[in-house]
Amino acid sequence: MDLKALAEQVAQAQPFTQHLGAEVVRVEVGMVEFALKVRPEFYQHLGVVHGGVISALLDNALTFAGGLALGPQVLTVEFKVNFLRPAKGGRLRAVGRVVHAGKRLAVVQGEAYSEEPEPRLIALAQGTISQV
């Protein structure tokens, strides 16, 4: 099975990922990209995408990237998000990359983009992924 097919299989098994409508877009060694279509319920009171939606998309990208390095049985230990600008537009993307992987832990970084109509960087993240 290729890496993208494996990532799609894991994503299909996650009810929350399915609820968000997040999809695996691209997978390479050490990198995973997710995307989702922005729905009306994703907005907060100021008319921009809620930070929880962006964080969830980044968490998927970071964890899946870490899983490529450590194996499929992984969880996020911690992660931090810096929001750079409000998210607008109909689609979001998040890219996660492995910075360093040991035997049980991987440090990962990610970027989130809003496509409005051109991609704009909206958030940066860093986290630690652990084998279960």
Side-chain angles (χ1 to χ4, degrees):
M1 182 178 297
D2 69 18
L3 292 176
K4 185 172 186 224
L6 177 62
E8 287 172 339
Q9 182 180 22
V10 173
Q12 290 290 325
Q14 295 182 345
F16 186 68
T17 299
Q18 292 305 299
H19 175 71
L20 283 176
E23 301 177 55
V24 177
V25 174
R26 189 169 47 126
V27 180
E28 298 172 7
V29 175
M31 187 281 301
V32 176
E33 180 178 349
F34 271 85
L36 66 78
K37 184 177 185 225
V38 175
R39 301 191 313 249
E41 61 268 26
F42 291 168
Y43 289 98
Q44 47 97 305
H45 69 289
L46 296 175
V48 296
V49 178
H50 192 283
V53 174
I54 298 164
S55 295
L57 190 63
L58 278 163
D59 185 36
N60 272 334
L62 297 178
T63 305
F64 276 64
L68 290 175
L70 301 173
Q73 300 294 318
V74 297
L75 292 171
T76 303
V77 174
E78 60 82 31
F79 80 111
K80 173 191 187 309
V81 178
N82 291 99
F83 296 101
L84 306 176
R85 61 178 48 94
K88 299 177 182 176
R91 185 173 142 109
L92 302 178
R93 288 185 303 113
V95 179
R97 291 183 181 82
V98 174
V99 175
H100 173 78
K103 290 182 181 180
R104 295 193 46 91
L105 296 174
V107 175
V108 291
Q109 291 181 333
E111 305 95 37
Y113 298 87
S114 177
E115 298 179 351
E116 50 176 306
E118 297 176 16
R120 289 188 62 167
L121 183 64
I122 57 170
L124 296 171
Q126 181 168 310
T128 305
I129 310 304
S130 176
Q131 285 182 336
V132 177

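Both backbone and side-chain heavy atoms feed into the values below; hydrogens, waters and symmetry mates do not. One is the number of the first residue; the rest follow in order along the sequence.
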Task: Backbone N/O of A11 and side chain of Q18: donor-acceptor pair under 3.5 Å - done: yes

Open item on the list: Taking CD in E23 as the centre, count heavy atoms belonging to other residues, nucleotides or ligands within less than 6.0 Å. Is the count above 12?
Closed with: no

Open item on the list: For the OG1 atom of T17 and the CD atom of Q12, what is their distance to the nearest 0.5 Å?
Closed with: 9.5 Å

TODO: Please report the shortest heavy-atom distance between A125 and V81, naming the atom on each side.
DONE: CB-CG2, 4.2 Å

Open item on the list: Can you give me the closest heavy-atom contact between G96 and A61, atom names plus distance?
Closed with: N-CB, 3.5 Å

Open item on the list: Would the distance check show the side chain of E78 and the main-chain N or O of T128 forming a donor-acceptor pair, the cut-off being under 3.5 Å?
Closed with: yes

Would you be so kind as to tabulate the donor-acceptor pairs closer than 3.5 Å made by side chains of residues 47-58, with sequence neighbours excluded?
unit_1: H50; atom_1: ND1; unit_2: G52; atom_2: N; d: 2.8
unit_1: S55; atom_1: OG; unit_2: G51; atom_2: O; d: 2.9

- [ ] Taking all heavy atoms of L70 and all of I129, pick out the closest pair and write down the distance.
- [x] CD1-O, 3.5 Å

Task: Short side-chain to backbone donor-acceptor contact, Q14 and F16, under 3.5 Å - done: no

Open item on the list: Taking the side chain as everything from C-beta on, heavy atoms only, tell me whether V98 gets closer than 4.5 Å to L68.
Closed with: no

TODO: Identify whether L3 and F34 are in the same connected component of the hydrophobic contact network (ILVMFWY, side-chain heavy atoms under 4.5 Å).
DONE: yes

Open item on the list: Can you tell me how far apart NZ (K80) and CD (Q126) are? Round to the nearest 0.5 Å.
Closed with: 9.0 Å

Open item on the list: Quick check: is L20 connected to V25 through a chain of hydrophobic side chains (ILVMFWY, heavy atoms under 4.5 Å apart)?
Closed with: no

Open item on the list: Give me the atom names and distance for the closest heavy-atom approach of V74 to G67.
Closed with: CG2-CA, 3.8 Å

Open item on the list: Does atom CD (E41) have a neighbourhood of more than 12 heavy atoms from anything else shown, all under 6.0 Å?
Closed with: yes

Open item on the list: Applying a strict under-4.5 Å side-chain criterion to I, L, V, M, F, W and Y, I'd like to know whether I122 and L46 cluster together.
Closed with: no

- [ ] Answer whether the closest heavy-atom distance between the side chains of L105 and S130 falls below 4.5 Å.
- [x] yes

Task: Nearest heavy atoms of G110 and L62, plus distance in Å - done: N-CD2, 3.5 Å

- [ ] Taking the side chain as every heavy atom from C-beta outward, state whether E8 and K4 have any atom pair closer than 4.5 Å.
- [x] yes

Open item on the list: Any non-hydrogen side-chain atom of F42 less than 4.5 Å from a side-chain atom of L92?
Closed with: no

- [ ] Of all the heavy-atom pairs spanning M31 and R26, show the shortest one and how long it is.
- [x] CE-CZ, 3.6 Å

- [ ] Given salt bridge (charged side-chain N to carboxylate O under 4.0 Å, His left out), test R97 with E111 step by step and report yes or no.
- [x] CA-CA 9 Å; R97 291 183 181 82; E111 305 95 37; 2.7 Å; yes

Open item on the list: Do V32 and V10 land in one hydrophobic cluster if side-chain heavy atoms of ILVMFWY residues count as linked below 4.5 Å?
Closed with: yes

- [ ] Treat each ILVMFWY residue as a node, draw an edge where side-chain heavy atoms are under 4.5 Å apart, and state whether L36 and V27 are in one component.
- [x] yes

